Amino acid sequence: MDPSLEQARQAFLAGIEQFERHDFEAAAALFEKALQLAPGRPSVLMNLGVSCVQLGRFERADVCLRQALDADDSQTDAWKAWGVTQMALGDWAQALLCHDKARALGADGADFCLRWGQCLAHQGRLPQALLAFEQALAHDPDLAEAWSQMAHVQRDMGQTAQAIAGYQRALQLGADPELHRYYLAALSPQQPMVNAPAAYVEKLFDQYADDFEAHLVGQLGYQGHRVLLQHLPADPAARFERVWDLGCGTGLCGSLIRPRADHLSGVDLSSAMVAKAQALGVYDSLHALELVDFLKHGTEQADLVLAADVFIYVGRLEAVFEALSPRVRPGGWLAFTVEEADPGLAVQLHSTLRYAHALTYLQDLAAQHGWQWARVQRAPLRLDQAQPLMGAYVYLQKT
């Protein structure tokens, strides 16, 4: 026998032993060694890929598992692991294909059905996703995440009572209480108002960062950033010494205001969004912070503060106005967008998990904190179910 092949075999067997001990770092190193000695072996590629999934090294896992399945597409564990990899990399169409392949080869179990349902839900196949989550719960009735994911689908299908029951069951089984009270508040108007958990918003936009502009502007026709600046009451020729772009995202507002700003700062809770904004090269400074935390630190004052499509993820705005008002120069501007709450409600959390605000509520806040109500413009923000979603573009000037 070729000595290198025997060395590869020994490294592979040692890797299997370390994998079974859950020492995935040692296992991956041994599988890498085996692969160098005997390139292209499907079993080595698969085990290396699975080890990399366990270690969160999804780019390497993607390469290994793709090669393993090119050589032998009957490996159920490889399809399962590649499906997890594609979920982590955000390719939900490919993730669903992998889970379908694994399912056809006999893959089953609570965790597998949970992930399969998530893939189906991401592709808009809600009835099938519901069945997958039911299968996950048939395997493990106490799987909190399956109850939660099933409730998401029921909420989106308009099955409000079932969704509420699902979120409540997930809570009973130990699901994140802050997050699930937020989900429940969105479906139960009689519940006390709760703020969106910062971790939820951060994760949402971290996952959204790569496709943000293509989805928001391209698919949903978002125009809030453009309309907000278009109707700014300040002199069109005026420059601003210091501009803050709150909830800057990937920099849609920043790119438009840059020619009129001597110093432009962007703030966003999502570090992935901040990284995208950084790549634009239009900001003088960027901060991955919750906006009230940003406003509470520092003494410099802004001349213009922008918040396009931001307050829909904040809820009650008392803390924002309290922190912001001392940080804006007299005569400075605050320009923001909101969705309008139903009559009789000051702040409303919709089933979409977005907040809406009454203009009377905003007027009261402005008066309490030294702002003059300069203008409100009603215009579409974006599309919602292929229909224009109207919003309010609000402009306040510091007195």
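Nothing here was measured: the structure is a model prediction, and the numbers come from that model.
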Strictly distance-based, threshold 3.5 Å: is any side-chain N or O of [X] a donor or acceptor partner for the main-chain N or O of [Y]?
{"X": "Ser148", "Y": "Ala144", "value": "no"}
{"X": "Glu241", "Y": "Ala302", "value": "no"}
{"X": "Trp373", "Y": "Ala366", "value": "no"}
{"X": "Tyr167", "Y": "Leu187", "value": "no"}
{"X": "Asp284", "Y": "Ser265", "value": "no"}
{"X": "Gln372", "Y": "Gln397", "value": "no"}
{"X": "Gln223", "Y": "Arg226", "value": "no"}

Do [Y] and [X] meet the salt-bridge criterion of a basic N to acidic O distance under 4.0 Å?
{"X": "Arg239", "Y": "Asp303", "answer": "no"}
{"X": "Lys296", "Y": "Glu322", "answer": "no"}
{"X": "Asp245", "Y": "Arg258", "answer": "no"}
{"X": "Glu300", "Y": "Arg329", "answer": "no"}
{"X": "Arg242", "Y": "Asp262", "answer": "no"}
{"X": "Arg57", "Y": "Asp62", "answer": "no"}

Any donor-acceptor pair under 3.5 Å linking the side-chain atoms of [Y] with those of [X]?
{"X": "Glu6", "Y": "Gln10", "value": "yes"}
{"X": "Thr399", "Y": "Trp371", "value": "no"}
{"X": "Ser270", "Y": "Asp268", "value": "no"}
{"X": "Gln149", "Y": "Glu145", "value": "yes"}

message: In terms of relative ring orientation, are Trp244 and Phe294 parallel, tilted or perpendicular, with 30° and 60° separating the classes?
response: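 The rings of Trp244 and Phe294 stand perpendicular, inter-plane angle above 60°.
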| Parallel under 30°, tilted from 30 to 60°, perpendicular over 60°: which one fits the rings of His369 and Phe321? | tilted
Only residue of Val267, Leu289, Leu324 satisfying side chain to side chain contact (heavy atoms under 4.5 Å, CB included) with Leu295 is Leu324
- With Gln154, which of Leu130, Thr160, Ile164 fulfils side chain to side chain contact (heavy atoms under 4.5 Å, CB included)?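 Filter result, single survivor: Leu130.
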Within a strict 4.5 Å, meaning less than it, do heavy atoms of the [X] and [Y] side chains meet?
{"X": "Leu45", "Y": "Leu65", "result": "no"}
{"X": "Trp82", "Y": "Val53", "result": "no"}
{"X": "Phe19", "Y": "Ser51", "result": "yes"}
{"X": "Asp293", "Y": "His287", "result": "no"}
{"X": "Trp147", "Y": "Leu171", "result": "no"}
{"X": "Val305", "Y": "Trp333", "result": "no"}
{"X": "Leu204", "Y": "Tyr313", "result": "yes"}
{"X": "Thr250", "Y": "Leu280", "result": "no"}

Which heavy atom in [X] sits nearest to a heavy atom in [Y], and how many Å separate them?
{"X": "His231", "Y": "Arg375", "value": "O-NH1, 2.6 Å"}
{"X": "Phe240", "Y": "Ala234", "value": "CZ-CB, 3.9 Å"}
{"X": "Ala129", "Y": "Val153", "value": "CB-CG2, 4.2 Å"}
{"X": "Ala186", "Y": "Leu349", "value": "N-CD2, 3.6 Å"}
{"X": "Lys80", "Y": "Ala102", "value": "CG-CB, 3.7 Å"}
{"X": "Ala38", "Y": "Leu5", "value": "CB-CD2, 4.0 Å"}

Would you indicate whether [X], at its atom [atom1], is surrounded by more than 12 heavy atoms from other residues, nucleotides or ligands within a distance under 6.0 Å?
{"X": "Arg354", "atom1": "CZ", "answer": "yes"}
{"X": "Gln278", "atom1": "CD", "answer": "no"}
{"X": "His297", "atom1": "NE2", "answer": "no"}

Tell me whether Val347 is reachable from Val310 by hopping between hydrophobic residues (I, L, V, M, F, W, Y) whose side-chain heavy atoms are closer than 4.5 Å.
->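 Cluster IDs for Val310 and Val347 match.
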Among the clusters formed by ILVMFWY side chains lying less than 4.5 Å apart, do Leu269 and Phe336 turn up in the same one?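 Yes.
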Separation between [atom1] of [X] and [atom2] of [Y], rounded to the nearest 0.5 Å:
{"X": "Cys248", "Y": "Leu291", "atom1": "SG", "atom2": "CG", "value": "11.0 Å"}
{"X": "His225", "Y": "Leu252", "atom1": "NE2", "atom2": "CG", "value": "4.5 Å"}
{"X": "Glu178", "Y": "Asn195", "atom1": "CD", "atom2": "CG", "value": "9.0 Å"}

- Task: Measure from the ring center of Tyr182 to the ring center of His180 and say whether it is less than 6.0 Å.
- Result: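 No - the distance between ring centres of Tyr182 and His180 does not fall below the 6.0 Å cut-off.
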Problem set entry | Sub-6.0 Å ring centroid separation between His152 and Tyr183 |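 Yes - the distance between ring centres of His152 and Tyr183 falls below the 6.0 Å cut-off.
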- Show your reasoning for whether side-chain contact (heavy atoms from CB on, under 4.5 Å) applies to Ile312 and Asp309. CA-CA 6 Å; Ile312 60 171; Asp309 228 26; 3.5 Å; yes
Could you pull out all donor-acceptor pairs under 3.5 Å where a side-chain atom in residues 107-126 meets a protein atom, sequence neighbours excluded?
| residue | atom | partner | partner atom | Å |
| --- | --- | --- | --- | --- |
| Asp108 | OD1 | Arg103 | NH1 | 3.1 |
| Asp108 | OD1 | His139 | NE2 | 2.9 |
| Asp108 | OD2 | His139 | NE2 | 3.4 |
| Trp116 | NE1 | Asp100 | OD1 | 2.9 |

Verdict with reasoning, Val338 to Tyr355, per side-chain contact (heavy atoms from CB on, under 4.5 Å) | CA-CA 8 Å; Val338 292; Tyr355 294 95; over 6 Å; no
